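This report concerns only the one structure given below.
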2 protein chains.
Amino acid sequence: MADELRHRMMSGAIPPGSLLPSEATLMAEFSVARGTVREALALLRAEGLTVSEKGRGTFVRPVLPVRRLGSERYRAELEQVRRGELGTSFTVDQRVDWSSYTLDKEFREVPAADPAAELFGVTPGTMLLERRFVFRTHGVAQQMSTSFLLLSMVADTPVADPANEPWPGGNTSQLHSLGYDITAVREQVVARMPLPDEKDTLRIPGGVPVVAITRQTYVDEMVVEVADIVVPGDRVRLDYLIHLT
Amino acid sequence: MADELRHRMMSGAIPPGSLLPSEATLMAEFSVARGTVREALALLRAEGLTVSEKGRGTFVRPVLPVRRLGSERYRAELEQVRRGELGTSFTVDQRVDWSSYTLDKEFREVPAADPAAELFGVTPGTMLLERRFVFRTHGVAQQMSTSFLLLSMVADTPVADPANEPWPGGNTSQLHSLGYDITAVREQVVARMPLPDEKDTLRIPGGVPVVAITRQTYVDEMVVEVADIVVPGDRVRLDYLIHLT
DNA sequence: CAGTGGTCTAGACCACGCT
DNA sequence: GCGTGGTCTAGACCACTGT
């Protein structure tokens, strides 16, 4: 039954965004009990093909606009900063004005625990500034991130003050203002299903994975920032250009 | 109920790889009907936290070894080829001997359809050599890929002969043998749930996404190869190093 | 063989959306 | 108020795994 419905959707017989037959209708069409219908629909939902809304119906998932997170954004951002322009890697990707998004922020001073400590190459316990961000456009959350900076590097600077966020020019610009010009970025990417809190704040429907990026920002051999970035998998395409010469 | 069980797993009360209480036991413990128990377990399965086996039980998903697909592999591979050594990007990642894996292969000559044609920058209809591969280690499929080459470039060469696969030195070496030394690679990455056939051949359990990589291999400004690579999300970590200088 | 998960039926009540 | 999906109960038979 799930196969049959999947076929109808793939072949376009039930176009994206449209309503599937109701559970009662499917019971009649396939001559099965409601539990069986619901099992089939649960499968399609877990595959990310449909979304169900209480009191409305089950919809074929519409094709969503896809953001692009690319390696080139760092190069573009660096250029901007050097030219003294504004923008953040978030807005450079989105190609939206840097003022058109909102930011939830939460700053804490924490001792380095193990994943972060190792990525920084410092001994656990070293004090870090932890900054949590939720980026929103048009009011909907698009990205969650947790960024770590060495506290010794930013204490008593404007960077450590949440009131200065969103910072025009973003991370690259912040580090620049501290006297650090980034020379390399390392990104490690995994795909996994969202945790319950990620599912909530990013409003991720069933059957949609997230892309989790662990980013290390380098100035020569030194790691000056570590960040964990989580984005819904149906809304991003990562784009990396690797020069071999 | 799903929350409670998730907590027990996260906190280590039910360690990875171990058996969850049976459905009958859970019915008794939570005083609910079997359907309710099964709904909770279906949720955990969709989240990728558990796997169920008929006649055995439901297990907490064990932590799997993670392969690394990195940007550095292309640099390493290029070095190898220049030194005249063997290896493929697959074996360089895995750090296994190039002879320890097996390969399913299937070659066809096809006219360029739209995604591939656009990625090559050629007019649709241009003839391509399509090569489908399934990489296996220890008998289990680890990666599916479809690679396209311009037929005009490879017709009547050893590269177009399936009997020469697996080719020692891999793709980079094949292109080298044709007189092309690759200068850049572009990878576009998306995360999504597996299609039914991917789920089958890669034996992907419920709740595990795949990472799909669209790769363009460049010699200067020319695209000489296009490949679609699909790997189970719970078995890979992509690692990109971006130099900004 | 007993115990497990996989599948299915036939009811029921609820919360929500729309008209 | 009616139709929708969300949740739940109380049964049933099957296929598979282990001993």
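Fair warning: this is a prediction, and the values are worked out from it, not measured in the lab.
For the pair R61(B) (side chain) and G48(B) (backbone), a donor-acceptor distance under 3.5 Å is present. Of the possible donor and acceptor atoms, none in the side chain of S147(B) sits under 3.5 Å from a partner among the backbone N and O of R131(B). A donor-acceptor pair under 3.5 Å links the side-chain atoms of S11(A) to the main chain of H7(A), judged by distance alone.
Taking a 4.0 Å limit (strictly below) on heavy-atom distances, residues 33-49 of chain A reaches DNA chain D at R34(A), R38(A).
Distance CE (M27(B)) to C1' (dT4(C)): 13 Å, rounded to an integer number of Å. Here the C1' atom of nucleotide dT4(C) and the NZ atom of K54(B) are 11 Å apart, to the nearest Å.
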With a 3.5 Å cut-off and sequence neighbours excluded, list the donor-acceptor pairs that the side chains of residues 32-40 of chain A form with protein atoms.
| residue | atom | partner | partner atom | Å |
| --- | --- | --- | --- | --- |
| R34(A) | NE | E23(A) | OE1 | 2.7 |
| R34(A) | NH2 | E23(A) | OE1 | 2.9 |
| R38(A) | NH1 | E23(A) | OE2 | 2.8 |

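With 3.5 Å as the limit, one finds no donor-acceptor pair spanning the side chains of T58(A) and T50(A).
Computed from C1' positions of five pairs at each end, the angle between the two local axes of the helix from dC1(C)-dG18(D) to dC18(C)-dG1(D) equals 10°, rounded to 10 degrees.
Mapping heavy-atom proximity under 4.0 Å, the span of DNA chain D touched by chain B runs 5' to 3' from dC8(D) to dG18(D).
Between R192(A) and E47(B) there is no salt bridge, since none of the side-chain N atoms of the basic residue sits less than 4.0 Å from a carboxylate O of the acidic one. Between R8(B) and E29(B), at least one side-chain nitrogen of the basic residue sits less than 4.0 Å from a carboxylate oxygen of the acidic one, meeting the salt-bridge criterion.
In this view, E118(B) satisfies the salt bridge (charged side-chain N to carboxylate O under 4.0 Å, His left out) rule with no residue, not counting sequence neighbours. Partners of Y240(A) by ring pair (Phe, Tyr, Trp, His ring centres under 6.0 Å), not counting sequence neighbours, listed by chain and number: Y240(B).
Of the two residues contacting DNA chain C, namely R56(A) and V32(A), the nearest-nucleotide position lying further toward the 5' end is that of V32(A).
No contact: T50(A) has no heavy atom under 4.0 Å from any strand.
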### Task
Determine, stepwise, if the pair T214(A) / Q188(A) fulfils side chain to side chain donor-acceptor pair (under 3.5 Å).
CA-CA 5 Å; T214(A) 303; Q188(A) 297 187 66; over 6 Å; no

